[in-house]
Amino acid sequence: MIELTGLRVFGRHGVFDFEREQGQEFVVDVRLELDLTKAAASDDVADTVHYGELADALVAIVGGEPVNLIETLASRLVDACLVDERVTAATVTVHKPQAPIPHAFADVSVTLSGRRAER
């Protein structure tokens with residue numbers, strides 16, 4: 001398993017116009033399920049998911065085209081995680097700590113998982 005947690009990205013997602021105009025910070029956590037045996041034996045980054053490249057792909061999505069719902073954003077991120085065929089499953093949590101809620105709160109998040117179809 002590979003985990004990338006606390007990836008902070010500025011984005012313009014939300015249902016309100018001011019969220020798209022002003023933007024806000026989103027925090028992304030990712031958990032990838034894959035066999036790491038080959039990478040552990042070879043000590044070669046080519047035999048695993050390069051988490052720096054994964055982070056770049058996730059940042060491009062969060063910082064890119066706005067969506068209304070963080071559910072949609074999380075789905076796009078799961079899809080990006082499953083691009084690497086070695087990844088058998090991915091779980092993504094998108095946190096929206098500055099969500100427009102008129103009450104004191106610590107966090108709002110959505111978690112989605114996806115699994116590669118077995119062949």
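The first residue in the sequence is number 1, and the count goes up from there.
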Heavy-atom pair with the smallest gap, counting every atom of Pro100 and Phe18: CB-CZ, 3.7 Å

Straight-line distance of Lys96 NZ to Ile70 CD1, nearest 0.5 Å: 6.5 Å

Val62, Leu73, Thr5 screened by side-chain contact (heavy atoms from CB on, under 4.5 Å) with Val28, the one that passes: Val62

same_hphob_cluster(Leu69, Phe16) at 4.5 Å side-chain heavy-atom cutoff: yes

Sequence neighbours excluded, every pair satisfying ring-ring contact (aromatic ring centres under 6.0 Å, His included) that has a member inside residues 25-78: His13-Phe26

Validation row: Val92, Leu58 side chains within 4.5 angstrom (heavy atoms): no

Residue pair Val27 / Pro97: nearest heavy atoms and the distance that separates them: CG2-CG, 4.4 Å

Salt bridge (charged side-chain N to carboxylate O under 4.0 Å, His left out) against Glu21, all qualifying residues, sequence neighbours excluded: none

same_hphob_cluster(Val87, Met1) at 4.5 Å side-chain heavy-atom cutoff: no

From Arg76 atom CZ to Glu71 atom CD, the distance as rounded to the nearest 0.5 Å: 13.0 Å

Separation of Gln22 CD from Arg12 CZ (nearest 0.5 Å): 9.0 Å

Flag if over 12 foreign heavy atoms under 6.0 Å of CG, Asp44: yes

Contact list for residues 89-108, test ring-ring contact (aromatic ring centres under 6.0 Å, His included), sequence neighbours left out: none

Arg20: partners by salt bridge (charged side-chain N to carboxylate O under 4.0 Å, His left out), with sequence neighbours left out: none

Taking every non-hydrogen atom, the tightest pair across Arg116 and Asp84: NH2-O, 2.8 Å

Closest non-hydrogen atom pair between Leu4 and Ala55, with its separation: CD2-CB, 4.0 Å

Asp56 atom CG: more than 12 heavy-atom contacts under 6.0 Å: yes

Minimum heavy-atom distance between Gly114 and Leu82, given as atom pair plus value: C-CD1, 4.0 Å

Name of the residue among Val94, Leu112, Thr72, Val30 meeting side-chain contact (heavy atoms from CB on, under 4.5 Å) with Leu77: Val94

All salt bridge (charged side-chain N to carboxylate O under 4.0 Å, His left out) counterparts of Asp47, not counting sequence neighbours: Lys38

Backbone of Thr48 reached by a side-chain donor or acceptor of Arg86 within 3.5 Å: yes

Counterpart residues, side chain to side chain donor-acceptor pair (under 3.5 Å), relative to Gln24 (two or more places apart): Glu19

Side chain proximity check, Thr91 to Cys81, heavy atoms < 4.5 angstrom: no

Reference residue Leu54; test side-chain contact (heavy atoms from CB on, under 4.5 Å); the match among Leu32, Leu7, Ile2: Leu32

